[in-house]
Amino acid sequence: MRDEWVDGLYRLHGAMVFRRARVLLGSDDLAWDVVQEVFSRALRSRSEFRHGAAPTTWLYRITTNTAFNKLRDEGRQRGKVAALAAAGPEPAAGGETPELRLLLAEVLARIPVPLCEIAVYYHVDRMSQDEIATVLGTSRKTVGNRLNQFHALAQALLDLEKEASA
Amino acid sequence: MTMIPGEWTRTRQPSRCLSDLALDQLAAGEDPGALVLEAWRAHLRQCAACEARRAELGAQRAALLARRPALALPVGGAGRGRPRLAWGAGALAVAAAALVAALRAPAPRGAGVAAVRLKGGLGLEVFVKRAAGQVEALWPDAPASEGDALRFRVSTDAGGVVTIVGVDAAGAVSSYDPAPSALPVLSPGERRLLDGSIVLDGSVGQERLLALLCPDREQTQAAVGQVKRALAAAPEGTPPAPAGCRETVFPFRKVARR
């Protein structure tokens, strides 16, 4: 199906959606699935889209949440998570091991999406808290609170993992 | 394989640099407001790193348009098919490294630390170990099922003795106390993962967990008794925190095991 409005949206923002999905999922195939889902959703939500926020911020949110849903789906199958974690190249610096990346992928699959979303904007996209607040349509204080919640939950999960493996 | 110039995300970004979001908005011609727009443009004129990143993003956009797999958008919106892209090496490690660094870093400054369920300075976080072995954070109103094991982390800005009480869908009340002498004592500002776990039975429906924090063991035991009596009289209600104690309620859904 061709739709000129979505087609134009895709030409302008498709690379951005693919880029962000690719960073989060580490897979071209999964990232392309996200592109399809995001623009399918834009097609369904056309009226909301036109009268809502700027397309870029709207697409950032949909892309992040769609990618996280995929990551969570994948995360429920440990073999796939292992493959996902192993697929990325070794970091050039920093010393993170494949095991740590696997652990991180699993932690991300276990923390509620709203918290992961903010953490990714902050730590991966390097957005300011003000920018995150704009994307989410919430206050900077809420962003700060949720970043703290993410850290607390992630640390607790890591502690539980260590305890379970000890 | 077509290699796309530049990285998919920046591993290092000077603190005052523009985010990719700002660069994406500039490229899309969106208006963030006259003052912001002028500030962005002025920054770009002076910052080689941001200008280079803007060029990278532009190159990625051009590469997509050059290759441009067609979107498959059926009526009704569900995607079908999957055009194959073969773009550059993955950036998962970049994202992972950033988040690992984040986990190791101190929590961001700003607002105070808030637990998942926080009321009156008493926070209750719940973690679930699924029957398959996976450990997850349980979000309020999220599902859990038979065989799942729950663990609790409590935080408080005041010291005291803490206990957890559960109320199932039928109104049955369970106290997850160890021996009274072993009730955990928390210091002001402490956040502690409580010892032990509870394993959920096969009943289904809306359940609640109540964390109670009282100044000493005797008051905590008395508070449990008061809460049980209140719930026996009004199973659907939320009993008020007994005098001198704090209470936080954490709801979750018990569902049949899939």
Side-chain angles (χ1 to χ4, degrees), chain A residues 1 3 6 10-16 18-19 22-24 26 28-29 32-33 36-37 39-41 43-44 54-56 60 84 87-91 94 96 100-101 104 110-112 119 123-128 131 141 144-145 147-149 151-161, chain B residues 8-10 13 19-22 24-25 28 30 32 57 60-61 63-65 69 71-75 77-79 82-87 89-103 107-116 125 127 134-137 139 151 153 191 193:
Chain A
M1 176 182 176
D3 181 287
V6 171
Y10 171 70
R11 280 197 302 274
L12 196 54
H13 299 285
M16 177 266 284
F18 182 84
R19 181 188 80 229
R22 182 68 177 77
V23 166
L24 296 175
D28 286 347
D29 285 347
W32 185 248
D33 283 346
Q36 297 283 355
E37 289 181 30
F39 288 98
S40 293
R41 182 166 168 186
L43 181 63
R44 292 196 302 271
T56 300
Y60 258 66
L84 190 66
E90 286 298 309
E96 282 78 18
L100 193 54
R101 292 210 306 274
L104 176 61
R110 295 172 208 181
I111 294 181
H123 293 295
V124 177
D125 292 315
R126 306 293 180 95
M127 288 186 200
S128 68
E131 284 180 311
K141 183 178 179 183
N145 279 335
L147 275 171
N148 281 319
Q149 286 181 8
H151 278 261
L153 284 173
Q155 190 58 58
L157 287 167
L158 289 172
D159 290 345
L160 285 168
E161 289 282 351
Chain B
W8 286 102
T9 190
R10 278 180 283 198
Q13 180 184 10
S19 65
D20 281 357
L21 172 65
D24 286 331
Q25 287 185 287
E30 292 175 4
L57 297 181
Q60 290 174 8
R61 200 160 31 250
L64 176 75
L65 291 176
L71 283 172
L73 300 177
V75 174
R82 178 194 279 174
R84 300 282 169 175
L85 287 179
W87 280 10
L92 176 64
V94 174
L99 280 167
V100 167
L103 293 178
R109 293 180 182 178
V113 173
V116 168
E125 296 164 85
F127 301 93
Q134 184 171 342
V135 180
E136 302 174 10
W139 198 240
R151 287 194 69 175
R153 189 166 70 169
R191 169 187 276 124
L193 186 66

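In what follows, chains carry the letters A, B, and so on, assigned in the order in which the sequence lines appear, proteins first and then strands, with residues in each chain numbered from 1.
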Task: Side-chain donor or acceptor of Q60(B) paired with backbone N/O of R19(A) under 3.5 Å - done: no
Open item on the list: So for L21(B), is it side chain, backbone, both, or neither that comes closer than 4.5 Å to the heavy atoms of chain A?
Closed with: both
Task: Shortest non-hydrogen separation from G14(A) to L64(B) and the atoms involved - done: C-CD2, 3.4 Å
Open item on the list: Report which part of Q25(B) has an atom under 4.5 Å of a heavy atom belonging to chain A: side chain, backbone, both, or neither.
Closed with: both
- [ ] Can you see which heavy atom on R61(B) is nearest to which on A15(A), and at what distance?
- [x] CA-CB, 3.5 Å
- [ ] Please name all residues satisfying side-chain hydrogen bond (donor to acceptor under 3.5 Å, both in side chains) with R151(B), sequence neighbours left out, ordered by chain then number.
- [x] E163(A)
- [ ] Taking R153(B) for its side chain and A152(A) for its backbone only, find out whether a donor-acceptor pair lies under 3.5 Å.
- [x] yes
- [ ] Looking only at non-hydrogen atoms, find the nearest pair between D24(B) and Y60(A) and report the distance.
- [x] OD2-OH, 2.7 Å
